Amino acid sequence: MMEFNQLDMRSLLEGYQKKQFTVTEVVQASLKAIDLKNPKLNALLEVNAEKALTRARALDADISKASEKKLFGVPIAIKDNILVKDWQCTAGSKILEGYRAPYTATTVQRLEAEGAVIIGKANCDEFAMGSSNETSHYGSCRNPWDLERVPGGSSGGSAAAVAAGMCPASLGTDTGGSIRQPASLCGLVGLKPSYGRVSRYGVVSYASSLDQVGPFSRTVWDCARLLEVLSGADKKDATTSHLEVPPYAARLQESSLSQVTLGVAPQWLQGVDADVKEAFDRSIEQMKKEGAKIVEIDLPRTRYSLSVYYLIAPSEASSNLARYDGVHYGFRAKEFKDSEQLYNRSRGQGFGKEVKLRIMLGTYALSAGYYDAFYLKANQVRRLIQQDFEAAFQKCDAVLVPTSPSTAFKLGEKTDDPLKMYLSDIFTLPVNLAGLPGVSVPCGLDKKNLPIGLQLIGRPFEELKLLQIAQAHEKIQGVLRLP
Ligand code: GLN
């Protein structure tokens with residue numbers, strides 16, 4: 001029997017068109033993989049077999065229309081901070097335990113309109129704060145390449161589900177690296193769109209000036225197809241752009257590496273693991289051989305990214321998370337004498353340690369007398385980081401950097417040292433600060449047989465160019481197998 005759960009999205013779509021198998025068969029294979037692997041991986045927090053199979057049967061009744069829908073019969077997992085009506089939405093937090101979404105996020109609506117089947121809600125760090133999935137109240141998720149290791153975060157469950165063959169695609173959110181870093185650690189393609197490319201309506205807000213929703217997949221074509229479904233203006237999110245959405249997948253082959261200039265910033269690469277550096281250099285050499293021009297660029301102010309990010313993100317989070325008060329949603333403390341105590345106890349018991357740390361940091365940075373010194377100053381430096389990229393893009397079409405300085409680390413390895421954990425996002429944070437698109441693609445395995453990721457960063461709204469370069473790279477490297 002064919003192992004449907006091993007197929008990438010494009011192969012599924014082609015198989016349906018040729019009537020080689022049914023959506024029901026594919027969804028059953030997904031559910032079987034979930035049954036088999038999820039108890040160990042903890043990638044999905046809620047699965048609804050009945051709902052998925054009902055949807056599959058409805059699609060099968062219409063299978064002659066398979067070619068009219070861009071995601072016909074594709075099982076997709078959704079990060080548990082994105083709303084899907086009637087499904088749980090915990091954002092990995094105890095404070096949202098038992099909360100059911102009253103409506104569906106625009107991104108999920110768009111997936112479903114193109115024929116996708118929602119297969120489950122994916123584990124994540126609490127309120128997307130973390131780089132390893134270990135801050136989730138519902139337990140860590142594990143990396144399918146090595147169960148002793150983290151899948152990355154915060155969208156760790158979304159990445160692990162795809163890498164484990166539970167589904168060929170998933171959605172994550174990325175505020176400082178949460179799609180690209182887990183994609184890198186799990187050997188997948190993961191894209192953070194330009195700020196404003198994709199609607200955030202129905203997404204649990206973390207840091208509103210940085211958050212974006214984006215896809216995980218196994219191939220660049222799949223990523224391009226997902227992005228074209230997700231992208232575009234939404235009147236329910238005023239930050240979405242009205243710029244036209246190109247047919248990303250259809251136009252992937254249009255450009256060749258010989259028309260492309262790639263920028264590398266050598267001083268940015270210090271502190272990268274030897275295996276990662278080696279794979280990075282090898283990818284660059286290969287692309288050079290295929291005709292790409294490589295130029296040296298300088299991004300001097302990216303070294304402030306960590307400091308800037310850890311002022312802006314917690315500040316915005318402290319404001320966004322004020323709504324979880326024990327009254328409106330989810331968890332409420334059992335004992336309290338008055339409303340003040342209800343708020344305090346519900347928040348005290350409902351939020352985890354990392355989230356509290358960030359709320360305190362953010363509240364402090366925004367408080368009277370400190371706003372100018374911290375939040376405002378951080379935003380000024382953020383502008384300088386953007387200007388560094390603008391200057392770099394005068395010289396190149398895309399910037400290349402490893403997605404993460406190391407491959408997947410062991411569970412518990414960085415939990416006692418927040419700074420060490422924060423450093424795993426050193427190459428992804430600046431991209432959010434500058435509002436740029438970034439995609440992580442697999443570029444080999446290290447000596448421990450763990451995936452390494454290469455990040456391509458582009459000009460605002462030039463996702464097409466990025467994906468074309470990524471596609472050319474994938475052609476050279478081949479698609480990474482599942483673990
Ligand atoms: N790891 C970073 C943080 O903890 C980024 C997370 C994200 O992109 N959501 O904030």
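First listed ligand is number 1; within each ligand, the first listed atom is number 1. Here the structure is a predicted model, which means the values were calculated and not measured. In this chain, numbering begins with 1 at the start of the sequence shown.
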Location of contacts on [X] toward ligand 1, heavy atoms closer than 4.0 Å:
| X | value |
| --- | --- |
| Tyr422 | neither |
| Thr175 | both |
| Tyr310 | side chain |
| Glu126 | neither |
| Ser178 | both |

Under 3.5 Å between some N or O of ligand 1 and some N or O of [X]?
| X | answer |
| --- | --- |
| Lys79 | no |
| Gly177 | yes |
| Leu429 | no |
| Thr173 | no |

Can you sort out which atoms of ligand 1 are near [X], meaning under 4.0 Å from one of its heavy atoms?
| X | value |
| --- | --- |
| Met129 | 4 (O) |
| Tyr206 | 3 (C), 9 (N), 10 (O) |
| Ala128 | 6 (C), 7 (C), 9 (N) |
| Ser154 | 9 (N) |

Self-check item: Met421 heavy atom under 4.0 Å from ligand 1
Solution: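 So Met421 does not count as touching ligand 1.
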
Self-check item: Proximity flag Tyr309 to ligand 1, non-hydrogen atoms under 4.0 Å
Solution: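 Yes.
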
Self-check item: Cationic N near anionic O, under 4.0 Å, Asp86 to Lys51
Solution: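 A salt bridge is absent here (no side-chain N lies under 4.0 Å from a carboxylate O).
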
Quiz item: Are the charged groups of Asp80 and Lys121 less than 4.0 angstrom apart, N to O?
Solution: yes

Exercise. With Ser136 as reference, evaluate Asn123, Asn42, Thr90 under the side-chain hydrogen bond (donor to acceptor under 3.5 Å, both in side chains) test and give the passing residue.
Key: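 Going through the options one by one, the only one that passes is Asn123.
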
Quiz item: Where is the tightest heavy-atom contact between Gly458 and Leu436, given as atom of each residue plus distance?
Solution: O-CB, 3.5 Å

Self-check item: Which atom of Ser158 lies closest to which atom of Leu171, heavy atoms considered
Solution: OG-O, 2.9 Å

Quiz item: Among side-chain atoms of Ser140 and Asn133, is any donor-acceptor pair under 3.5 angstrom?
Solution: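 Short answer, no.
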
Quiz item: Do the two ring centres, one from Tyr329 and one from Tyr99, sit under 6.0 Å apart?
Solution: yes

Quiz prompt | Centroid separation Tyr324 to Phe127 less than 6.0 Å | solution =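 Centroid distance Tyr324-Phe127: below 6.0 Å, so yes.
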
Quiz item: Within 45° of the six-membered ring axis of Phe351 and under 6.0 Å from that ring's centre, is NZ or CZ of Lys94 located there?
Solution: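 No, a cation-pi geometry is absent between Lys94 and Phe351.
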
Quiz item: Tyr103 ring centre to Lys85 NZ or CZ under 6.0 Å, with the angle to the axis within 45°?
Solution: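 No, Lys85 and Tyr103 do not form such a contact.
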
Practice problem: Looking only at protein heavy atoms, identify the closest one to atom 2 (C) of ligand 1 and say how far it is in Å. | Solution: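 Sorting protein heavy atoms by distance from atom 2 (C) of ligand 1 puts Asp425 OD2, 3.1 Å first.
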
